[in-house]
Structure formats: C-alpha cells, structure tokens
**Q** 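Sharing a structure, written as structure tokens. Questions coming.
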Amino acid sequence: MNNPAPAISPPARIGDHKPMNQAVLDWVHEVELLAQPENIFWCDGSERENEFLIAESLKQNVLIKLNEKKAPRSYLHRSNPNDVARVEQFTFICTPTKAEAGPTNNWSEPGETYSKLRGLLKGAMRGRTMFVVPYIMGPPDSSLTKIGFEITDSKYVVLSMRIMTRMGEIAVKRLGSDPKAEWNRGVHSLLDVNPERRFICHFPQDNTIISVGSGYGGNVLLSKKCLALRIGSYLARKQGWLAEHMLILGVESPAGKKHYVAAAFPSACGKTNFAMLIPPKHFAGWNVTTVGDDIAWMQIRDGRLWAVNPENGYFGVVPGTSCKSNPNAMKSIERNTLYTNVALTDDGDVWWEGKDGAPPKHAIDWRGNDWTPDSKEKAAHPNSRFATPMRNNPVLDPHVEDGKGVPISAIIFGGRRSDTMPLVFQAFDWEHGTYIGATMASETTAAATGAVGKIRRDPMAMLPFCGYNIGDYFRHWLETGKRLTNPPLIFHVNWFRKSADGKFLWPGFGDNMRVLEWIIDRCEGRVGAHESAIGHIPRMQDLDLDELTGVTPNQMRELLNVNAEEWQKEILDHAKFFESLGGVVPPELEKQRENLAARFKSSTRA
Ligand code: OXD
Ligand code: MN
C-alpha cells in the first residue's frame, strides 16, 4: 500500500547523482529544510538503481513480485483504496487572477496556496527518503522537449517515472549548469494519503507543481497530466504550439503511403486501443503504428502541424484489455510492467475483468481480499492501470524518437455517446472543427472520481487538463488554424452509439479501421460523402464494409443517421454549455453554433 515507508540506505554510488545546476540544488535544499527527510536520494535512472529500488519496494510491501514465468520482471502495487483515480475537485490552477484559470478550473490564490502547502509539507518526510527524479518530456532532440525535476517520497512514483519518462542522467546533462535554464519544479509527498489533505496544485507562472496526499498516477506522476498537459498547455499558448490530450498513430496503406493522425478522446474512452489498432483481415496490407497513446505536443512547420509524443511509456486502463480489444497492448504488458490495483491469482499472475479466458476460481482482489467469481466486488478496480515502456509495443512507430515529430494529416475528436453522434463526420473547415472539439461531450468514466456514465462537455478532451482559461484556449486553437497553410482535416467519431434496446451498434476495435480508411481517403480527396447539417458524413457506399459481421444495413443506417430532434437538443446543450462558461467563448464559435442551427432549419434532410 501507498503508506509512508521508512528511509532506505543505498549502497555506495546509488542515490548520489547530484546535478551541477545551482538552481536545482538550491530548490532541493529548500524542500529538504521544509520536509525534513531522513536522507536525499538523487536518481540517475540506471538499471542498478532500478534494481535496488525494486528490492526495497518488495521488502517494504510497496510491490508484489509476479510469477517470473507468467509476467517476467513485472510487479503489482495496491494503492490505498481511498486513492484510485484523478481528483478533479482537488486539482487547482494557481494563477495570479481567477480569470486566468477561467471558468472550467478550480482556482486558488498562489500566495495562500503556497503557504497552505508549505504547512502540509512541513516535516512531512521525517524518517523517510526524499527522492529527486530528473526527467525530460519529449524526444531528446526535439525543440519542444521540456526538463522536469520531481521530488517525491514514494518509490512507486520513482519506478513509474522511470517507465513513463526519459529519466535520470539524460535530463541532468540536458539542463547543464545554466541557472537560468527553463525546467519544471515538481514536489510530491504522500503525506498520510488522506483525501482531506489531497491537493494537486499548479503554478503555471512559476513552472511549479505541488501534489500532496495521493499516490495515484494521474495525481502524482507530475510529468504527465500536470506538466505535459496543464503546465504544457499554458506554455504552448505562450510559445505558439499545442499541448493536447491526444493519441498519435501512423497508418500506412498497401501502396506504402503513410499518414499520421492525432485523436482526442476523454480518459478511458479507448485512446490506447485506437493507437494500437490491428486492421481486420479484409484490410491486408494496411498497418497501424503507435507514436503515442495519450498526449501530443504539436508545432507548426511549413504550414503543417507536426506532433511528438512527450512520454516514454503507457499508463493504460487495464480492465477490458484483452486479445480481442487490444492484442498489441496485451503483448506490451507481458513483461517489465508495473500493475496497480489489479487482482492477483494464486499462481502469482494478474487478472482483471475482461481478460481473455475464464476467471480464476480464486484470486486476491485489488484491495487484498479473497475473491471468487461469486464475489459481488470487482476483482480489479475499474481504473486499475498498467505502466509499461513504449518500447514493449510491437507496433511502435519508427519515428517515435524523431525530434521534428510526425506530420499530422487529420485530427479526430470523439467521446462515448449512446445517441446523437454518428459513427463519423468531417468538419467543413478548421473553425468548424474547433467548434466540434469545443462542444465535444462524453459519458464520464472511472478515470476520475465521481459519477460514472453522466454526459459532460469535455472540450477537446481537455476539460480536466487545460491549464488556463478555456476561452483563451479556444482562441489559441482558432489562431493556430490561421497560421496553418496545410491544416489537418478535422473529424468526429463515436464508437459507442447504441440501438433503442441499449446494445452497441458498432463492433469497434479493429473494425474502426473502416472509419480510419475513410478519414485517410478524405485526406487524399478520393472518397465521397454526404453534406449534412453537421458536416460531411460517409454514405454507406463510401465506407468499406466488406466482411463486416454483426452489423445489419439498418444498423449501419442508424450509425450514420443525423436525427434532427436529437440535434435540436444537442444544439441547445451547446448553447447552455457556452453560457455556463460566462462569456469567454470567442464570437467565432458562437457564430458556428448559429450556423449549425441555421443549417438544420434550411435543410429538410439534416
Ligand atoms: C489518463 C487519464 O490517465 O486521462 O490518461 O486519466
Ligand atoms: Mn489521458
């Protein structure tokens, strides 16, 4: 469990890798004086250090070793049951004014917040080891790459950061000794893992993050949601690029033509599955490769958008992952994987709901209790996770380390919608696409605490991750569009539409290739569409549906249908959402809504 663990004493040359940079040394000293740890452990990211930390974690029951034959070099971690997901209600953007954080963020005054956090951190690491984790986000030779240092009192965090980032020596070298160099300061302490003392605070102006009271990945791997998205989006606007909650995939046709696509779906809506898609047999010769499964940093070059994945690993949702839903993820997590909150089988393997094969007759559930198929509780927590190096992915894109990134031909927005949203449609242009992203909605999932299955607007899947005023974020998207001479085409997809009797209409997974092919063909201008009120929609004949099983022509019509009544409600809901943002929405997007409503009025066929 994620409870405070005693200090460790590493052998010589482990934990003594101090950087040369005086600004880092001064800051670490300041945190040391405040948190009063027993000792400081400077990480270098080496294999030797990793082995040592794993051995210590096993001794202190922070990790459980899995069966070496079934899950080589893999471990299970159980978090405190009160600490299993991101806590949006305790996540703050601490800008000098509330307006800078905007209507979608919790705001807290920086001065007061620093003092409150200092109070909580005072003496918080007494008797414990304080780790200093240097890391970079982005390929080593990218101009977008950022340096971060995370101080933490959790070995689980150090081990996870080693998977999720390029950690250690590489960051120390890149930073060098310039005291004015740009780097992110991150401080994390478990405290006593008490939800009442759990705060995830971002200070964009100071490039600083302080996270206390949690051990859950999204709250504490400060490189990911905190730096790469919240602080990242703030820096991106200032510096003229985009930091987005998007997967990046490559798709190559049998003729050898390759395109890259970025897609924004809210948390736990299938980004990892889509990024690792295996085309159905009928699509022989098509290949999908993964650049990233969660975050895209994109900059403009030659009038196009070029994307890099800042991460080095995948932190994916486990339940539902199987050889049917994502064979490449199953291969990726076969080894060197850190599991959190899945079930442990009697033979030392891991299990979760939705895994291939029959459930085990007995297991230990994610809380550490006995479990059988008759148990009422789930064996794995619905937001249980794997952290696995991206190099485990058999379909890793060869350009993943390319500093200039990959050129993006299409951007896809999508969410879980039981109704209203057709399988796929294409925006008329960038501004219309920005509107589609800005009004995107999805049913909530277990990735964040709170009710599951409620529709919420989640602009560009960035609602929990935009580190500044959402109105300015929309404006930044519109401005970016003006700077692009060769912008990506923008699409919206919905794999989750249901029939009147509540069944999913679309098989999803590999069959999403059929939609992806249409998207690529649209980019190449070689396939048709019907021009509807909401955008270009494929007609049945525009999609390759050969050998598609389980979808009748009527169901297909339903999937592609634009129901005017549902859309009247949808447009009203867009208006309500914009209104709830209190006047920050750019007029161009208000106008887009009026145009959408007008198109429905002037059209008899939607
Ligand atoms: C994630 C999330 O973990 O979006 O990627 O919550
Ligand atoms: Mn995510």
Side-chain angles (χ1 to χ4, degrees), residues 77 79 83-91 104 137 156-157 160-161 163-165 198 200 202 209 211 214-233 242-249 262-276 290-297 307 309-321 326 329 332-333 337-342 380-388 390 393 412-416 437 440 442-452 456 458-467:
H77 170 77
S79 79
D83 185 32
V84 291
R86 283 185 292 100
V87 284
E88 293 176 9
Q89 67 279 31
F90 303 129
T91 299
T104 54
M137 294 303 279
Y156 167 76
V157 167
S160 304
M161 288 292 283
I163 296 174
M164 296 303 299
T165 71
R198 183 168 295 158
I200 324 299
H202 306 72
I209 305 155
S211 165
S214 171
Y216 171 73
N219 299 326
V220 300
L221 308 180
L222 301 184
S223 56
K224 189 172 174 68
K225 301 303 181 182
C226 301
L227 171 55
L229 286 178
R230 298 196 189 98
I231 300 274
S233 60
L242 293 172
E244 299 298 330
H245 191 200
M246 291 181 180
L247 67 93
I248 311 162
L249 61 79
F265 308 156
S267 307
C269 285
K271 281 201 296 299
T272 307
N273 292 347
F274 193 45
M276 297 182 181
T290 318
V291 179
D293 80 327
D294 195 42
I295 297 174
W297 284 356
N309 167 18
E311 300 192 276
N312 200 31
Y314 308 127
F315 181 64
V317 177
V318 181
T321 306
N326 194 339
S332 305
I333 62 180
T337 296
L338 188 43
Y339 290 93
T340 303
N341 292 341
V342 295
H381 186 275
N383 192 39
S384 49
R385 297 280 177 147
F386 57 76
T388 202
M390 70 175 178
N393 179 0
I412 307 176
F413 295 118
R416 285 176 191 266
M440 211 175 111
S442 192
E443 289 153 25
T444 48
T445 66
T449 54
V452 169
R456 78 163 177 181
D458 186 352
M460 282 83 169
M462 283 288 278
L463 183 74
F465 307 121
C466 179

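Each ligand, and each atom within it, is numbered from 1 in the order the structure gives.
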**Q** At less than 4.0 angstrom from any non-hydrogen atom of D294, what atoms of ligand 1 do you find?
**A**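 Contacts of ligand 1 toward D294, numbered from 1: 5 (O).
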
**Q** Can you measure from OG1 (T388) to CG (D293) and round to the nearest 0.5 angstrom?
**A**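 Rounded to the nearest 0.5 Å, the OG1-CG separation comes to 10.5 Å.
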
**Q** Could you name the option among K225, H245, E88 that has the heavy atom nearest to atom 1 (C) of ligand 1?
**A**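 Looking at heavy atoms only, K225 sits closest to atom 1 (C) of ligand 1.
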
**Q** Should the proximity of F265 to ligand 1, defined as any heavy atom under 4.0 Å, be assigned to the side chain, the backbone, both, or neither?
**A**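 None of F265 does.
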
**Q** Do the side chains of V87 and Y216 get nearer than 4.5 Å, heavy atoms only?
**A**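 Side chain of Y216 against side chain of V87, heavy atoms only: no contact under 4.5 Å found.
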
**Q** For the residue pair R416 and T445, establish whether any side-chain heavy-atom pair is separated by less than 4.5 Å.
**A**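 Yes; the side chains approach each other to less than 4.5 Å.
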
**Q** Can you list the atoms of ligand 1 that are under 4.0 Å from a heavy atom of F465?
**A**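 With F465 as reference, the close atoms of ligand 1 come out as 4 (O).
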
**Q** Please tell me whether D458 and S442 have a donor and an acceptor in their side chains that are separated by less than 3.5 angstrom.
**A**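 No, S442 and D458 have no side-chain donor paired with an acceptor closer than 3.5 Å.
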
**Q** Regarding N219 and S211, is there a side-chain donor-to-acceptor distance under 3.5 Å anywhere?
**A**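 There is no such pair between these side chains.
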
**Q** I'd like to know if the Mn ion (ligand 2) has an N/O/S atom from P266 within less than 2.8 Å of it, counting both backbone and side-chain atoms.
**A**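 It does not: P266 brings no N, O or S atom closer than 2.8 Å to the Mn ion (ligand 2).
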
**Q** Considering A446, A85, A268, S267, which one's heavy-atom position lies nearest to atom 2 (C) of ligand 1?
**A**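 Selected option, by shortest heavy-atom distance: S267.
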
**Q** Once rounded to the nearest 0.5 Å, what's the spacing between atom NZ of K225 and atom OG1 of T91?
**A**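 If we round to the nearest 0.5 Å, K225:NZ and T91:OG1 are 11.5 Å apart.
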
**Q** Which option wins on minimum heavy-atom distance to atom 3 (O) of ligand 1: E311, K224, R385?
**A**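 Shortest heavy-atom distance from atom 3 (O) of ligand 1: R385.
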
**Q** Suppose you place the vertex at the Mn ion (ligand 2); what is the angle out to K225 NZ and H245 NE2, to 10°?
**A**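 Computed angle, vertex at the Mn ion (ligand 2), rounded to 10 degrees: 90°.
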
**Q** Would you say the side chains of Y156 and T340 form a donor-acceptor pair under 3.5 Å?
**A**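 Indeed, the side chains of Y156 and T340 share at least one donor-acceptor pair under 3.5 Å.
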
**Q** Which heavy atom of the protein is the closest neighbour of atom 6 (O) of ligand 1, given with residue, atom name and distance?
**A**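 Protein heavy atom with the smallest distance to atom 6 (O) of ligand 1: R86 NE, 2.9 Å.
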
**Q** In D294, the N, O or S atom nearest to the Mn ion (ligand 2) is which?
**A**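 Nearest N/O/S atom of D294: OD1.
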
